[in-house]
Colleague: 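Just passing along the structure, written as structure tokens.
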Amino acid sequence: MSVRPQTPPPLPLMRIMGGNAFLLSVLYLLVGIVVEGARRLRPSPFLQRLSLSLDSLPARALELTGLMHPLREAYFSGRITEPVLRLVFGATTVVIIFLLAVVVGLFMGTLRGLAIRKGSRS
């Protein structure tokens with residue numbers, strides 16, 4: 001009687017990816033809130049640069065999608081306020097983090113599946 005090695009149960013990949021993305025999003029947004037609050041209370045060149053670097057990720061993503069120009073025009077014409085702009089940047093960052101989590105999760109899941117198949121053939 002041959003004993004076949006049992007394959008490990010499948011990981012709940014989407015749940016893990018969602019949890020990681022949620023945690024990273026919360027962390028990023030908390031850092032952003034702390035930096036923005038500190039920048040307003042005690043402005044300094046360091047905090048200004050840090051704030052700009054945090055804003056660069058969503059700004060570049062919006063630029064790539066063609067949404068930054070209309071958003072910039074709306075902000076400078078007074079149609080949207082700074083809190084709304086911050087909300088858009090925050091939401092964009094959350095979307096980017098979730099997309100990255102899905103891509104990395106699918107890549108790692110594919111690698112795991114290949115390793116399991118290769119291991120079961122041996």
Side-chain angles (χ1 to χ4, degrees):
M1 180 173 167
S2 68
V3 177
R4 293 179 60 191
Q6 287 185 335
T7 59
L11 291 174
L13 193 57
M14 290 305 283
R15 190 173 65 212
I16 292 170
M17 289 185 313
N20 288 344
F22 178 75
L23 181 63
L24 285 173
S25 297
V26 168
L27 222 80
Y28 192 91
L29 294 175
L30 284 175
V31 168
I33 289 169
V34 168
V35 168
E36 190 62 26
R39 187 183 70 84
R40 290 181 185 268
L41 292 174
R42 295 204 183 259
S44 73
F46 170 75
L47 289 174
Q48 182 66 29
R49 282 192 308 274
L50 188 57
S51 177
L52 288 174
S53 68
L54 288 172
D55 287 345
S56 68
L57 176 67
R60 288 182 187 185
L62 289 168
E63 191 72 47
L64 287 173
T65 59
L67 298 172
M68 188 63 182
H69 184 68
L71 190 62
R72 186 180 296 126
E73 282 183 5
Y75 177 70
F76 286 126
S77 69
R79 292 187 308 234
I80 62 171
T81 61
E82 187 174 352
V84 171
L85 184 65
R86 292 278 172 210
L87 186 63
V88 169
F89 272 40
T92 302
T93 302
V94 169
V95 168
I96 292 167
I97 290 171
F98 271 86
L99 287 175
L100 286 173
V102 167
V103 168
V104 169
L106 290 175
F107 178 72
M108 295 306 289
T110 302
L111 287 180
R112 180 178 183 266
L114 291 173
I116 290 171
R117 277 194 211 139
K118 186 176 180 180
S120 67
R121 287 183 190 164
S122 308

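By convention here, the first residue in the shown sequence is residue 1. Just so we're clear, the structure is a prediction, and the values are computed from it rather than from any experiment.
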Colleague: Partners of Thr110 by side-chain contact (heavy atoms from CB on, under 4.5 Å), sequence neighbours excluded?
Modeller: Leu114
Colleague: Hydrophobic cluster mates of Leu23, side-chain heavy atoms under 4.5 angstrom, ILVMFWY only, any path?
Modeller: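 None; Leu23 is a cluster of one.
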Colleague: Specify the closest pair of heavy atoms between Val35 and Leu47, including all atoms of both residues, with the distance to one decimal.
Modeller: CG1-O, 4.1 Å
Colleague: Got a list of side-chain donor-acceptor pairs under 3.5 Å for residues 81-105, not counting sequence neighbours?
Modeller:
from	atom 1	to	atom 2	distance (Å)
Glu82	OE1	Arg40	NH2	3.3
Glu82	OE2	Arg40	NH2	2.7
Arg86	NH1	Asp55	OD1	2.9
Arg86	NH1	Asp55	OD2	2.8
Arg86	NH2	Glu36	OE1	3.3
Thr92	OG1	Val88	O	2.7
Thr93	OG1	Phe89	O	2.9

Colleague: Determine whether Leu57 and Met68 fall in the same hydrophobic cluster, where Ile, Leu, Val, Met, Phe, Trp and Tyr are linked whenever their side-chain heavy atoms lie under 4.5 Å apart.
Modeller: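 No, because Leu57 and Met68 fall into different hydrophobic clusters, even though each may have its own neighbours under 4.5 Å.
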Colleague: Can Phe76 be reached from Leu52 by stepping across I, L, V, M, F, W or Y side chains whose heavy atoms are under 4.5 Å apart?
Modeller: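 Shared cluster, no.
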Colleague: Apply side-chain contact (heavy atoms from CB on, under 4.5 Å) to Leu30 and list each qualifying residue two or more places apart in sequence or on a separate chain.
Modeller: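 side-chain contact (heavy atoms from CB on, under 4.5 Å) list for Leu30, sorted by chain: Val26.
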Colleague: Rounded to the nearest 0.5 Å, how far apart are OG of Ser120 and CZ of Arg117?
Modeller: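 Rounded to the nearest 0.5 Å, the OG-CZ separation comes to 8.5 Å.
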Colleague: How would you list, by chain and number, every residue that makes a salt bridge (charged side-chain N to carboxylate O under 4.0 Å, His left out) with Arg72, sequence neighbours excluded?
Modeller: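 Result, salt bridge (charged side-chain N to carboxylate O under 4.0 Å, His left out) vs Arg72: Glu63.
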Colleague: Among residues two or more places apart or on two chains, list those pairs meeting side-chain hydrogen bond (donor to acceptor under 3.5 Å, both in side chains) that have a residue in residues 19-29.
Modeller: none
Colleague: Salt bridge (charged side-chain N to carboxylate O under 4.0 Å, His left out): which pairs involve residues 95-106, sequence neighbours left out?
Modeller: none
Colleague: Output every pair passing salt bridge (charged side-chain N to carboxylate O under 4.0 Å, His left out) with a member in residues 96-108, not counting sequence neighbours, ordered by first then second residue.
Modeller: none
Colleague: Under the side-chain contact (heavy atoms from CB on, under 4.5 Å) rule, collect the residues that match up with Leu111, sequence neighbours excluded.
Modeller: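 For Leu111 the side-chain contact (heavy atoms from CB on, under 4.5 Å) partners, ignoring immediate neighbours, are Phe107, Met108.
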